[in-house]
Amino acid sequence: MSNQAKYDNPFKATLNGVLDLFKKQIPIGKLHNDERLDGKTCMVTGANSGLGYAVAVQMAQRGAHVIMACRSGIPNAGEQAKSDSGSNNIEMMSVDLSDLESIDRFVEQLKIKNITIDICVFNAAVVPSGSHKTQSGFDQMFLVNYLSTFKLANALINNAIINKNVGNAPRIIFVSSESHRTNQEINFDNFGIYEEYTMSKVIALYGYYKLMLTTFAIELSKRINTSDVQISVFALCPGPVNSNIAKAAPKIFMPLLKFIFKIFFKDPKDAAEPVIYLACSKSLQNKTGLYLHLMQEKSVDIKALNPENGRKLWEASENLIKNY
Ligand SMILES: NC(=O)c1ccc[n+]([C@@H]2O[C@H](COP(=O)([O-])OP(=O)(O)OC[C@H]3O[C@@H](n4cnc5c(N)ncnc54)[C@H](OP(=O)(O)O)[C@@H]3O)[C@@H](O)[C@H]2O)c1
């Protein structure tokens with residue numbers, strides 16, 4: 001089956017995600033309890049729910065100061081995370097990734113608070129029921145799942161909130177998906193142009209935006225780390241996670257989806273393992289460009305590795321943001 005066919009509708013995407021869980025894996029390694037995050041500041045987007053919440057709790061349990069960067073769940077999710085982790089070193093900050101101006105305000109807040117970030121997990125994503133034109137004129141899923149992360153990651157680096165450091169490189173981790181292996185090439189002719197779509201196209205577009213995210217991760221890693229590793233850039237697919245990701249699915253499918261998620265999908269606490277590994281493992285110090293699928297290291301899709309795609313994507317994204 002082609003990759004496009006594997007991920008082009010919710011049923012096939014779900015089935016293929018579950019089948020992956022039963023395939024033999026060669027794990028990259030195992031994290032030890034002494035691989036901690038004491039003294040580190042970690043930021044997680046979309047940390048009020050699902051995988052992001054589990055990551056925030058486990059980072060706090062390993063001693064980090066955790067910033068939960070969320071558009072909702074403030075302050076409840078933070079209070080819950082404090083209680084679940086047994087750490088008070090957690091704060092919530094507001095950012096709406098479907099609003100480019102909200103990102104500017106968020107970065108300003110980080111500067112005012114004098115916060116620097118050692119480990120940044122770009123986790124937030126949305127699976128909507130169809131197209132949604134935001135105030136900026138861009139589609140919501142395009143913004144949340146790709147363009148806002150491009151903007152925020154660059155703003156954090158350019159404002160020295162994430163500081164390049166040879167020898168003790170900070171880490172940026174992108175939560176992608178195996179669905180980035182779509183057969184579709186990035187189309188730069190209609191890049192960012194709003195087009196209407198319905199539920200039937202959502203999953204294919206989700207994979208398409210994950211391809212953009214993964215291509216950006218590879219390009220960012222290359223641009224920053226021209227000789228020594230100054231910022232480690234990693235990406236991963238957590239496999240199927242029992243989360244709120246399908247909350248916009250038609251109501252009629254919800255009971256079935258909830259059943260499948262509960263029985264076959266991973267609990268977010270377990271699904272967080274590759275994220276926490278990429279954040280903490282001493283063996284990854286000063287490495288960059290790695291992609292994990294569950295706990296196995298893999299090469300990203302060849303389209304994401306293509307330097308021409310990386311360059312064009314960077315320039316097209318920069319232009320959209322500049323001209324906005
Ligand atoms: N679930 C899976 O099977 C699966 C498989 C592969 C990859 N992933 C990836 O795993 C990551 C986490 O997803 P999840 O499964 O944990 O789903 P989730 O429970 O729905 O979490 C998604 C998070 O993104 C946030 N988000 C959505 N729109 C936002 C916006 N405009 N501004 C800020 N935050 C926003 C959500 O906040 P709200 O609560 O406010 O909506 C939520 O906190 C995503 O990148 C997803 O693509 C998931």
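Just so you know, ligand 1 is whichever comes first in the structure, and atom 1 is the first atom listed for that ligand. Atom set for the values below is all heavy atoms of this structure, side chains included, hydrogens, waters and symmetry mates excluded. Quick caveat, the model's predicted, so the values are computed rather than measured.
- Electrostatic pairing of D104 and K151 counts as a salt bridge here, judged by a charged N lying under 4.0 Å from a carboxylate O.
- The protein heavy-atom contact nearest to atom 32 (N) of ligand 1 is L97 N, 2.8 Å.
- Closest to atom 17 (O) of ligand 1 among all protein heavy atoms lies S243 OG, 3.3 Å.
- With N159 contributing its side chain and I161 its backbone, the two residues share no donor-acceptor pair below 3.5 Å.
- Near P238, with a cut-off below 4.0 Å to any heavy atom, the atoms of ligand 1 are 6 (C), 7 (C), 8 (N).
- Shown here for V300 and R181, the closest heavy-atom pair between the two residues is C-NH1, 3.5 Å.
- The ligand atoms of ligand 1 that sit less than 4.0 angstrom from a heavy atom of G50 are 16 (O), 19 (O).
- Near S98, meaning under 4.0 Å from one of its heavy atoms, ligand 1 places the atoms 31 (N).
- The protein heavy atom nearest to atom 29 (C) of ligand 1 is R71 NE, 3.6 Å.
- Of the candidates F264, F265, F259, F261 forms a ring-ring contact (aromatic ring centres under 6.0 Å, His included) with just one, namely F265.
- Not a single heavy atom of Q140 sits under 4.0 Å from any atom of ligand 1.
- Residue-level proximity to ligand 1 for E178 is absent, since no heavy atom of it falls below 4.0 angstrom.
- Between K298 and E178 the shortest heavy-atom distance is NZ-OE1, 3.4 Å.
- When all heavy atoms of A279 and M59 are compared, the closest pair comes out as CB-CE, 3.7 Å.
- Between Y194 and F138, the distance separating the two ring centers is not shorter than 6.0 angstrom.
- Counting heavy atoms under 4.0 Å from ligand 1, residue L51 touches it through both backbone and side chain.
- Residues A217 and V233 approach most closely at O-CG1, 3.5 Å, considering heavy atoms.
- Counting only non-hydrogen atoms, the option in V18, I103, L213, N48 that gets closest to atom 42 (C) of ligand 1 is N48.
- Note: no N/O pair closer than 3.5 Å links V126 and ligand 1 by distance alone.
- By the criterion of a heavy-atom distance under 4.0 Å, neither the backbone nor the side chain of N242 is placed next to ligand 1.
- Scanning the protein heavy atoms around atom 9 (C) of ligand 1, the nearest turns out to be V175 CG1, 3.7 Å.
- Contact annotation: S176 has at least one heavy atom less than 4.0 Å from an atom of ligand 1.
- Protein heavy atom nearest atom 40 (O) of ligand 1, with residue, atom name and distance: S72 OG, 2.5 Å.
- The pair K111-E108 meets the salt-bridge criterion, with a side-chain N (NZ, NE, NH1 or NH2) lying under 4.0 Å from an Asp/Glu carboxylate O.
- Near V95, the atoms of ligand 1 lying under 4.0 angstrom from a non-hydrogen atom of the residue are 32 (N), 33 (C).
- At distances below 3.5 Å, not a single donor-acceptor pair connects side-chain atoms of H132 with backbone N or O atoms of D139.
- Atom 13 (O) of ligand 1 has I245 CD1, 3.8 Å as its closest protein atom, hydrogens excluded (heavy atom only).
- Ligand-side atoms of ligand 1 in range of V144: 28 (N), 29 (C), 31 (N), range being under 4.0 angstrom from any heavy atom.
- At least one heavy atom of P240 sits less than 4.0 Å from an atom of ligand 1.
- Between F174, F122, Y206, it is Y206 that holds the heavy atom closest to atom 48 (C) of ligand 1.
- Residue contact check: K247 has heavy atoms under 4.0 Å from atoms 38 (P), 39 (O), 41 (O) of ligand 1.
- Nearest residue to atom 22 (C) of ligand 1 from A125, A124, S49 is A125 (criterion: closest heavy atom).
- Proximity annotation for atom 5 (C) of ligand 1: of G46, A47, A246, G239, G239 comes nearest, heavy atoms only.
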**Asked** Does the ring pair (Phe, Tyr, Trp, His ring centres under 6.0 Å) test come out yes or no for Y291 and F234, once each step is laid out?
**Response** CA-CA 6 Å; Y291 173 82; F234 303 130; over 10 Å; no
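- When hydrogens are left out, the protein atom nearest atom 3 (O) of ligand 1 is V241 N, 2.9 Å; that is the closest non-hydrogen contact.
- At a threshold of 4.0 Å, the pair R62-E35 does not count as salt-bridged, since none of the basic side-chain nitrogens sits closer than that to a carboxylate oxygen.
- Proximity of G73 to ligand 1 is not established, as no heavy-atom distance is less than 4.0 Å.
- Between Q61 and D84 the shortest heavy-atom distance is NE2-O, 3.5 Å.
- Smallest separation of non-hydrogen atoms from V241 and P268: CG1-CA, 3.9 Å.
- Protein heavy atom closest to atom 44 (C) of ligand 1, with residue, atom name and distance, is N123 O, 3.1 Å.
- With a 4.0 Å cut-off on non-hydrogen atoms, Y53 does not touch ligand 1 at all.
- Checked against a 3.5 angstrom limit, the closest N/O atoms of F265 and ligand 1 fall outside it.
- Within the 6.0 Å centre-distance limit, the rings of F216 and F174 are counted as a close aromatic pair.
- A perpendicular orientation is assigned to the rings of Y146 and F191, their planes being inclined by more than 60° (bins at 30° and 60°).
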